[in-house]
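Below is one structure; the comments refer to it alone.
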Amino acid sequence: MIVITNPSSVKNEISIIDSLFEEGLSLLHIRKPDFSEVQTAKFIHQIKQKYRRNLVLHNHHEIAADFGINRIHFSETERKKRIDFSGLSGFVLSTSTHSIQDFNALENIFEYAFLSPVFTSISKENYAPKTELFENLAKRENFNTNLVALGGIHSDNIEKSLQNGFDDVALLGTIWNSPNSIKNFKLCQKIVLSLSA
């Protein structure tokens, strides 16, 4: 199970992040699109060093190595612009897709890819699936890349996602728009663990 940071700052964010890791979070995607390189570095600096290997950087990839981060993420736009990924052999790569066709067309260099939105988004207004993604999952041809459900994921639909073709889930709104982020995380985690047992 993956958690993505809220795009903008959240009250007690670093404290919540540390608690998520203490509860067993395996990967945190740092997605702060409006942060400068300096702001991103300051943000990472506040996260306990022992968790840095569990961080995935969406922006300012050039500072990843400075923090011992070996995972970087490419948005769909960035991925389609970039021609050469050969200089990134030391990194674990992930990316975002918005259709099963785009997911199937991915090169084998990505460990996993988000496919979104699966459900109506919790954090983005008017962001809902345009097609029935669960029907389209039958057209999956790419089994080299793990398929991660993103968009509107919460405790009531994790089971549906994982039992209908997704390999993993990513949480955003259900964590950061909740009055009790840690309680929500633990509930989702319990469901994921029960399905993989």
Side-chain angles (χ1 to χ4, degrees), residues 1-35 39-40 42-59 69 71 73 75-76 94-98 112-130 132-134 137 146-197:
M1 198 168 71
I2 295 165
V3 170
I4 303 171
T5 60
N6 201 60
S8 52
S9 295
V10 172
K11 191 180 177 193
N12 301 323
E13 191 168 13
I14 299 299
S15 167
I16 293 168
I17 287 169
D18 284 343
S19 297
L20 290 171
F21 279 126
E22 282 159 24
E23 292 297 339
L25 174 65
S26 55
L27 289 177
L28 177 76
H29 277 242
I30 296 180
R31 182 180 171 272
K32 298 284 186 184
D34 298 329
F35 273 25
Q39 287 172 307
T40 303
K42 280 183 179 173
F43 185 83
I44 295 166
H45 219 17
Q46 295 175 78
I47 297 169
K48 289 180 182 169
Q49 196 161 356
K50 64 180 176 179
Y51 299 131
R52 302 235 176 111
R53 59 188 168 82
N54 305 91
L55 301 178
V56 185
L57 212 48
H58 277 232
N59 309 90
I69 296 171
R71 293 175 169 274
H73 185 88
S75 69
E76 189 168 52
S94 58
T95 190
S96 298
T97 61
H98 297 90
Y112 58 89
F114 296 141
L115 179 58
S116 69
V118 179
F119 302 100
T120 300
S121 176
I122 300 166
S123 58
K124 285 184 187 176
E125 271 188 52
N126 304 318
Y127 191 54
K130 292 181 180 70
E132 178 46 70
L133 275 183
F134 288 101
L137 287 180
N146 280 334
L147 183 59
V148 181
L150 173 64
I153 305 293
H154 55 81
S155 57
D156 292 340
N157 59 29
I158 286 175
E159 189 169 348
K160 179 179 180 179
S161 302
L162 294 177
Q163 290 185 338
N164 285 280
F166 284 98
D167 301 308
D168 203 352
V169 292
L171 310 176
L172 199 165
T174 196
I175 299 296
W176 304 109
N177 292 16
S178 162
N180 195 331
S181 304
I182 307 306
K183 186 179 175 185
N184 251 13
F185 171 78
K186 286 168 80 171
L187 177 59
C188 294
Q189 183 186 47
K190 190 175 176 182
I191 295 163
V192 170
L193 292 173
S194 73
L195 292 169
S196 62

Using salt bridge (charged side-chain N to carboxylate O under 4.0 Å, His left out) as the criterion, list what pairs up with D167, not counting sequence neighbours.
-> R140
CD (E159) and SG (C188) are apart, to the nearest 0.5 Å, by 12.5 Å
What distance separates D34 CG from T40 OG1, expressed to the nearest 0.5 Å?
-> 10.0 Å
Tell me, please, which residues at least two apart from R52 pass side-chain contact (heavy atoms from CB on, under 4.5 Å).
-> I44, H45, Q49, L55, F67
If you round to the nearest 0.5 Å, how far is CD of Q189 from CD1 of I158?
-> 10.0 Å
So CD1 of I2 and CG of L25: to nearest 0.5 Å the spacing works out to 9.0 Å
Taking every non-hydrogen atom, the tightest pair across N6 and V10 | CB-CG2, 3.4 Å
Determine whether I47 and I30 make a side-chain contact, defined as any pair of heavy atoms from C-beta on separated by less than 4.5 Å.
-> yes
Examine distances only and state if a side-chain atom of N59 and a backbone atom of F35 form a donor-acceptor pair shorter than 3.5 Å.
-> no
Below 4.5 Å, heavy atoms only, C-beta onward: do P7 and R31 meet side chain to side chain?
-> yes
Tell me, which pairs form a side-chain hydrogen bond (donor to acceptor under 3.5 Å, both in side chains) where one or both residues lie in residues 12-24, sequence neighbours left out?
-> E13-K32, E22-K48
Between S178 (side chain) and I175 (backbone), is there a donor-acceptor pair under 3.5 Å?
-> no
Which residues satisfy the side-chain contact (heavy atoms from CB on, under 4.5 Å) test with D156, sequence neighbours excluded?
-> H154
Answer whether the closest heavy-atom distance between the side chains of F166 and L115 falls below 4.5 Å.
-> yes
Could you check if a side-chain atom of L28 sits within less than 4.5 angstrom of a side-chain atom of T5, using non-hydrogen atoms only?
-> yes
Scanning both residues in full, the closest heavy-atom pair of S75 with T95 reads O-OG1, 4.0 Å
Do N157 and V118 come close enough that some side-chain heavy atom pair is under 4.5 Å?
-> no
Point-to-point distance, once rounded to the nearest 0.5 Å, from CG of N184 to CG of N177 | 10.0 Å
Hey, are the side chains of F185 and M1 touching, using non-hydrogen atoms and a 4.5 Å cut-off?
-> yes
Flag side-chain contact, heavy atom, 4.5 Å: I4 against L171 = no
Under the side-chain contact (heavy atoms from CB on, under 4.5 Å) test, residues paired with P179 that sit two or more places apart = none
Give the intermediate values and the outcome of side-chain contact (heavy atoms from CB on, under 4.5 Å) for residues I191 and S155.
-> CA-CA 7 Å; I191 295 163; S155 57; 3.7 Å; yes
Which heavy-atom pair separates S161 from F119 by the least distance, and what is that distance?
-> OG-CE1, 3.4 Å
Any chance you could measure T174, atom OG1, to I153, atom CD1, to the nearest 0.5 Å?
-> 9.5 Å
By ring pair (Phe, Tyr, Trp, His ring centres under 6.0 Å), which residues pair with H29, not counting sequence neighbours?
-> H58, H73, Y112, F114
